Every structure is written in C-alpha cells, then in structure tokens.
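In what follows, a single structure is set out as structure tokens and then discussed.
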Amino acid sequence: MKRLVITLAVTLVAYASTFAQKSGTVVWEYPTVGYTSEKQFTINKVEFGKDRTSVHINNQYPSDYWFMFSPNTYIEVDGKQYTVTGSDSIELGKQSFTDSRTWKKDFVLHFPRLPKPNKIKSFNLMEGTNKGDFKFYAIHPKEARLPEAEVPAEFLADYPEEDIMPKLEYSEEPVKIHLKALNWQKGMEAKAEVDYIDVENAEWTTKRISFDDEGCAEFSAPIYYPMGIQINMSFRGQNPAIKNYGCFARPLMAPGKEITIAVDMFKEANPITNNFVGVKGYLAKKNYQDLIGCDSTLHATFPKFPAEELDSAKSAQEVMKIYDAFALQDKEWQTKYGRHPGHFASETAMKVRIFDRIARSNPALLASNEFRDYIFASRPDCFWGDDIEVNFEMLNLVPLFSGTDIEGFWPDICRYFDAVRKINAGQLVEKPFIGDVNLSKLYDKVTAGKIAEMNKLKETKAANIHLQDEIGDIAPTDLLQYIIDKHKGKTILFDKWEVWCVPCRQGHKEMAPMKEEEKYKDVVFIYLASPSSDLKQWMELTKEIPGEHYYLNSQQSTSIGKQLKSEGGVPAYAIFNTKGEMTFTQLGWGGVETIRTALDEKGH
C-alpha cells in the first residue's frame with residue numbers, strides 16, 4: 001500500500017510538472033531577491049502564466065502599522081515596465097494591515113503576461129524609484145546566481161610600505177570610511193550600520209548611514225585610539241529561508257585615517273561569502289585579507305572555541321587551564337596552516353575573547369577578588385601591549401580592572417569605561433586611576449557635563465524609578481533576588497525591554513488595559529532596561545508605564561537575562577508566584593492573552 005501511495009505521488013508530481021510546461025506556466029518557488037530594503041516582505045512564489053504574471057508575497061509586520069501598494073506598481077524586465085492589473089487579499093491604493101495575532105498577511109499582485117517567461121533570468125518589482133516606494137531588485141530563481149560585479153583594480157591595492165600597523169596612540173582626528181556600491185540601480189535606498197566604540201560614552205554604538213543616488217556612503221567620527229570598526233548590511237541570501245542574511249566588514253582603523261570599501265549589491269551572501277568585495281586606502285592589504293580574502297574552506301578546521309567549558313568554569317585556575325589547552329590547539333593549527341586573517345589576530349586577541357566569554361556567562365566570577373588576584377599574579381601580561389586595536393569585546397572586561405591601580409593602557413581604558421558607564425546609568429563615582437594623560441583629560445571633560453545632566457534628571461525622578469545610585473553596588477547575580485525580596489508574597493511580572501524595541505512597546509500598549517483589571521491589582525509589574533536604552537528617553541517613556549522601573553548596568557542586565565532564560569533578547573517576560581518561584585518565561589511578544597493566561601494559571 002505504501003509503495004502504491006509513493007508511486008501515485010511521484011506520478012502526480014510528474015503530471016503537474018508536465019501540465020505546467022504544456023500550459024505555458026513557469027513557477028519560481030521562494031525566489032531570491034538580489035537586494036531590497038523592505039525587510040518585512042518575503043516573496044513566496046512567482047507564477048508566469050498564459051494570461052498573467054502573479055507574485056505571491058508575505059508581509060510580517062506589527063498590526064498597528066499599515067502598508068499599501070500603489071496602483072502604479074510595476075514589474076521591470078530588460079528595461080520594459082508592466083503595470084499591476086489587480087491583487088488578491090489587499091486593495092491597491094488602500095491601507096492594509098497584518099493579522100493582529102500573527103502579524104502576518106499573505107497577498108498576491110497580478111501583472112500582464114510576460115513574453116518568453118522561460119527566458120527571464122531576473123526582474124525588478126517596483127512601486128517606483130522615489131524614496132519610500134517599495135522596491136525589490138533582481139528577483140530570480142533560487143537555483144540561479146546573478147553575475148558578480150567587476151571590482152575596479154584600485155580596490156585590490158598592494159600593501160604600501162609606509163602603511164604599518166598602528167600603535168595605541170591618542171588623536172582627536174576623525175576616521176573616514178567610504179562605501180562604494182557596485183551593481184547599483186536607480187531608486188535603491190541602501191543603508192549600512194557602522195558599529196564602533198564610542199569612547200566618550202564608553203559604549204558600543206551604532207550609526208546608520210545612507211547611500212546617495214550614486215551608490216556612495218560616508219562615515220566620519222572621532223575614535224581617539226586605533227579601533228576595529230564593524231560595518232553591517234542586510235541582504236536576502238541565496239537561501240530563501242534566510243530572508244535577511246547580513247554581511248559585515250571589520251576594518252582596523254586609526255585616528256586621521258581614511259578607507260574606501262566596495263560592496264556588491266547583488267552578490268548573494270551566505271555563511272561563507274561576503275558582499276564586501278574590495279578595499280583601498282588605509283591598511284588596504286591587511287583589511288582586504290581580513291575582511292574579504294579569507295579562505296572560507298579553512299573555517300571548518302579552526303580549533304573549536306571552548307564556550308561550553310568557559311560557561312561552566314568555577315575558578316580562575318579552571319579558566320586558565322582551558323585557555324592553555326585552547327592556545328596549544330591554536331598554535332598547532334597555525335603551524336599547519338599559517339596565520340589566518342579570519343582567526344585570532346594575536347595571542348592578546350585570544351585572551352580578550354576568552355575573558356569576554358567569562359564576562360558574559362559568569363560576570364560575578366570575573367569581578368571577584370580571588371579571580372583577579374590569581375590572574376594578575378600568574379599572568380601579568382594578560383592584556384597589555386600596544387599592538388592590538390580597541391575592540392568591542394573589551395567592553396565586557398571592565399570588572400577585571402575596576403578598582404585596581406595596575407598600570408597600562410588596557411587597565412586604564414577598562415577603568416574609564418567602568419566609571420563612565422556607571423555615571424551614564426545614574427551612579428556617581430570617584431574618578432578612577434587613569435595613567436594615560438589624554439584619556440584622563442577626556443574623562444574629566446566628558447564626566448563634567450554628564451554629572452551635571454544627571455543631577456538635573458534626578459531632580460524630577462519619580463519614586464518608581466531606580467537608577468544605579470540605588471542598585472549599582474548590588475552584585476549582578478544578586479539583583480534579581482533583591483527585587484523579588486522587595487515584593488515578597490506578591491505575584492511579579494518581569495518585563496525586560498529597551499526603548500528602541502518596537503515589539504516591547506507594542507506589548508506595553510496592549511497590556512495597559514489588562515493592568516487596570518481588578519484581579520491584576522495585586523500583581524507587581526517590574527520593568528528592566530539596560531544602557532542600550534538612552535537614559536533620558538527611557539525616563540520619559542517610563543512616565544506612561546505604571547510599575548517599578550530599573551535601569552540596569554550591562555553586567556546586571558546580562559546576569560538577569562540569563563536567570564530569566566532570555567539571555568540578551570527583548571522583549572522578555574517572566575512570572576514569579578507568591579512563593580518567589582519562576583512559573584513562566586517567554587522571549588518575544590506573543591500577545592496579551594498569553595500573559596493573561598500565564599498570570600491566571602501560574603501566577604498564584
């Protein structure tokens with residue numbers, strides 16, 4: 001019987017395929033989109049029929065936001081335009097919304113029949129080329145690949161003799177990074193995100209830059225010290241299941257230096273390729289090798305980073321034993337293959353990565369005196385050196401040097417970060433020891449303004465607002481229990497959010513009526529945010545959200561996220577019953593009824 005069913009299924013598939021060919025219908029299932037800035041849309045299918053061409057689209061977007069396709073929407077093939085003739089499930093020129101529960105909407109756009117559909121290699125789907133119009137470039141079958149752009153010769157420059165690796169020296173001259181898009185088409189609204197350490201604010205920050213009509217974008221900012229800067233762009237990958245696969249470049253920059261990076265808008269990014277295809281300017285050869293020229297086939301042979309072992313380590317001795325074993329594997333790998341740009345740039349970088357992992361998985365261990373005493377006594381050369389850039393992993397190492405007077409640039413900048421972060425979160429601190437003269441002057445300049453602004457904010461702070469001057473001295477691992485103990489005997493709903501998170505704020509809006517119901521009057525609503533939320537904006541928004549609000553430091557946020565089983569994700573929710581037991585956790589906003597049911601069934 002089973003064999004008969006299988007045979008029948010194969011026959012039906014073959015018949016369907018034959019029928020499609022005879023009827024003149026060509027179907028692209030889950031085609032790839034060469035480039036689009038419309039991240040909420042997925043093109044599920046394109047049907048080239050005898051009478052019309054149909055594009056099946058899924059929209060996933062919060063239901064409070066409408067979308068609309070113009071009656072002037074068109075398909076562009078080989079320079080010719082074919083205007084939309086109709087639609088299913090949406091009305092052209094009128095507002096449409098996604099489902100309020102699923103945030104999804106499936107619809108179809110119909111166009112005239114296209115000549116010789118089996119000869120079409122790709123097409124554009126456009127509302128127009130004006131800013132804000134929906135645009136999908138180079139839609140093509142998932143089995144096909146688009147021709148890659150020819151990279152101009154100047155982007156493959158040799159390493160100039162005078163272009164030596166930078167030293168850790170201070171300068172207020174800004175860096176300049178230019179992006180040049182290849183395969184650029186009219187109407188593209190490409191954007192890139194530049195991530196770098198904002199030394200003034202002691203945080204990893206993001207600046208969004210837009211490409212102009214010629215396909216060029218520029219970033220400029222003071223970074224003060226040599227630094228690895230990350231540039232991110234999102235693309236639809238060749239695998240349609242990964243609809244917004246991103247690619248990134250991490251050039252090493254130094255104050256006053258300039259670099260230009262070429263990006264191919266249609267190169268199909270996947271885990272072993274990159275849309276960034278060329279570099280010219282500062283450290284051209286090194287940055288090209290590190291960002292673009294990696295031999296991706298070697299990635300599979302890298303020694304496995306000991307993440308699980310580090311997460312379970314209980315002492316500094318265990319950590320360094322794990323480090324020594326990993327360092328030996330890495331040395332053997334480099335002896336066999338040579339230094340690989342995609343791997344660790346130096347032994348210092350490897351140590352930073354090891355301690356960064358400890359900072360994220362076990363911040364209390366990293367900050368303990370026993371841990372620090374052992375590290376400083378047994379490995380005094382742990383980080384210092386003047387031949388490695390400041391990188392974002394450094395930001396998690398501040399507990400290791402907080403309160404110490406160990407000399408060196410690494411301890412200096414970690415103490416600087418620690419103190420400025422605390423001030424940013426509302427905690428007043430004494431100036432730490434900073435031996436670097438320029439960094440010390442920058443600290444004085446930065447903190448003077450911050451402290452004055454902070455004192456002004458505190459004058460209007462409500463009683464339900466808890467800043468770092470109240471909770472800053474509580475160990476990250478103890479803060480959750482501290483909050484629970486304050487509300488002993490009560491049901492507690494924890495809501496971990498950030499001001500920039502749209503689903504977080506959607507949840508606040510939808511839960512507001514529920515919080516007014518009589519049966520939830522005794523529930524304590526606790527809201528947690530981290531320094532990734534702008535403090536001033538956070539304090540303003542909390543006025544509209546009844547409950548207790550805590551502005552955590554990075555270590556506290558990481559620790560509580562782990563305890564609530566959400567790690568770094570937001571929005572995240574957890575319910576503790578009247579006995580102080582966690583009875584419910586959820587990552588992501590699943591609707592108010594999910595929260596209501598959890599409170600009714602598990603909250604008491």
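The figures here come from the full heavy-atom set of this structure, side chains too, leaving out hydrogens, waters and symmetry mates. Values in this document were obtained by computation on a predicted structure and should not be read as measured data. Here, residue 1 is the first one in the sequence, and each next residue gets the next number.
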- prompt: Rounded to the nearest 0.5 Å, what separation is found between the CD1 atom of Ile560 and the CG atom of Asp478?
  reply: 10.5 Å

- prompt: Please, which pairs that meet disulfide (SG to SG under 2.5 Å) have at least one residue in residues 527-577, sequence neighbours excluded?
  reply: none

message: Check this for me: does any side-chain nitrogen of one of Arg101 and Asp99 sit under 4.0 Å from a carboxylate oxygen of the other?
response: yes

message: Return the CD1 to NZ distance between Ile375 and Lys351, rounded to the nearest 0.5 Å.
response: 9.5 Å

task: With rounding to the nearest 0.5 Å, note down the distance linking CG in Asp405 to CZ in Arg415.
output: 7.0 Å

message: Return the CD1 to CG distance between Ile354 and Leu397, rounded to the nearest 0.5 Å.
response: 11.5 Å

query: For the side chain of Ser533 and the backbone of Val499, is there at least one donor-acceptor N/O pair under 3.5 Å apart?
result: yes

message: Hydrogens and angles aside, do Arg421 and Asn424 bring a side-chain donor and acceptor to less than 3.5 Å of each other?
response: no

message: Check whether Lys422 reaches the backbone of Gly472 with its side chain - one donor and one acceptor, N or O, closer than 3.5 Å.
response: no

- prompt: Does the side chain of Asn455 pick up a donor-acceptor pair with the side chain of Glu453 at under 3.5 Å?
  reply: no

Within residues 452-476 or reaching into it, pairs that qualify as ring pair (Phe, Tyr, Trp, His ring centres under 6.0 Å) - sequence neighbours excluded: His466-Tyr550

field: Short N-O contact, Glu593 and Arg596, less than 4.0 angstrom
entry: yes

field: Any residue meeting side-chain contact (heavy atoms from CB on, under 4.5 Å) with Thr594, in chain and number order, not counting sequence neighbours
entry: Phe584, Gln586

field: Among Phe409, Phe433, Phe376, the one residue meeting ring pair (Phe, Tyr, Trp, His ring centres under 6.0 Å) with Phe401
entry: Phe376

- prompt: When you look at OH of Tyr482, are more than 12 heavy atoms from neighbouring residues, nucleotides or ligands closer to it than 6.0 Å?
  reply: yes

- prompt: Between Lys519 and Asp600, is the closest basic N to carboxylate O distance under 4.0 Å?
  reply: yes

- request: Take Asp485 and Gln481 through the side-chain hydrogen bond (donor to acceptor under 3.5 Å, both in side chains) test and state the conclusion after the steps.
  value: CA-CA 6 Å; Asp485 289 344; Gln481 191 60 50; 2.8 Å; yes

- request: Output yes when a side-chain donor or acceptor of Lys39 lies under 3.5 Å from a complementary backbone atom of Thr36, and no otherwise.
  value: yes

- prompt: What do you reckon, are the aromatic ring centroids of Tyr527 and His508 less than 6.0 Å apart?
  reply: yes

- request: Return yes when atom NZ of Lys441 has more than 12 non-hydrogen atoms of other residues, nucleotides or ligands closer than 6.0 Å, and no otherwise.
  value: no

query: Quick one: NZ on Lys562 to OG on Ser557, what's the gap to the nearest 0.5 Å?
result: 13.5 Å

- request: Examine distances only and state if a side-chain atom of Glu203 and a backbone atom of Ser532 form a donor-acceptor pair shorter than 3.5 Å.
  value: no

task: Could I get the full list of ring pair (Phe, Tyr, Trp, His ring centres under 6.0 Å) partners for Trp103, not counting sequence neighbours?
output: none

Heavy-atom neighbours of Lys579 NZ exceed 12 at 6.0 Å: no

Side chains of residues 218-225: which donor-acceptor pairs under 3.5 Å do they make with residues two or more places apart or in other chains?
residue, atom, partner, partner atom, Å
Glu218, OE1, His178, ND1, 3.3
Ser220, OG, Val175, O, 3.3
Tyr224, OH, Glu200, OE2, 2.6
Tyr225, OH, Asp436, OD1, 2.8

task: Sequence neighbours left out, what pairs pass disulfide (SG to SG under 2.5 Å) with at least one residue falling in residues 394-423?
output: none

query: Where the side chain of Gln556 meets the backbone of Ala475, is there a donor-acceptor pair that is under 3.5 Å apart?
result: no

- request: Output yes when a side-chain donor or acceptor of Gln506 lies under 3.5 Å from a complementary backbone atom of Trp589, and no otherwise.
  value: no

query: Is the number of heavy atoms from other residues, nucleotides or ligands under 6.0 Å of Lys456 NZ greater than 12?
result: no

query: Looking just at side-chain N and O atoms, do Asn201 and Lys450 make a donor-acceptor pair shorter than 3.5 Å?
result: yes

- prompt: Do the side-chain N and O atoms of Thr205 and Asp198 include a donor-acceptor pair separated by under 3.5 angstrom?
  reply: no

field: Salt-bridge criterion met for Asp469 and Lys458 (N-O under 4.0 Å)
entry: yes

- prompt: So, Asn464 side chain and Gly547 main chain: donor-acceptor pair closer than 3.5 Å or not?
  reply: yes

- request: Give a yes or no on whether Lys191 atom NZ has more than 12 heavy-atom contacts from other residues, nucleotides or ligands under 6.0 Å away.
  value: no

query: Does a sphere of radius 6.0 Å around NZ in Lys431 hold more than 12 heavy atoms from other residues, nucleotides or ligands, not counting ones at 6.0 Å or beyond?
result: yes

- prompt: Does Thr98 reach the main-chain N or O of Tyr61 with its side chain, forming a donor-acceptor pair under 3.5 Å?
  reply: yes

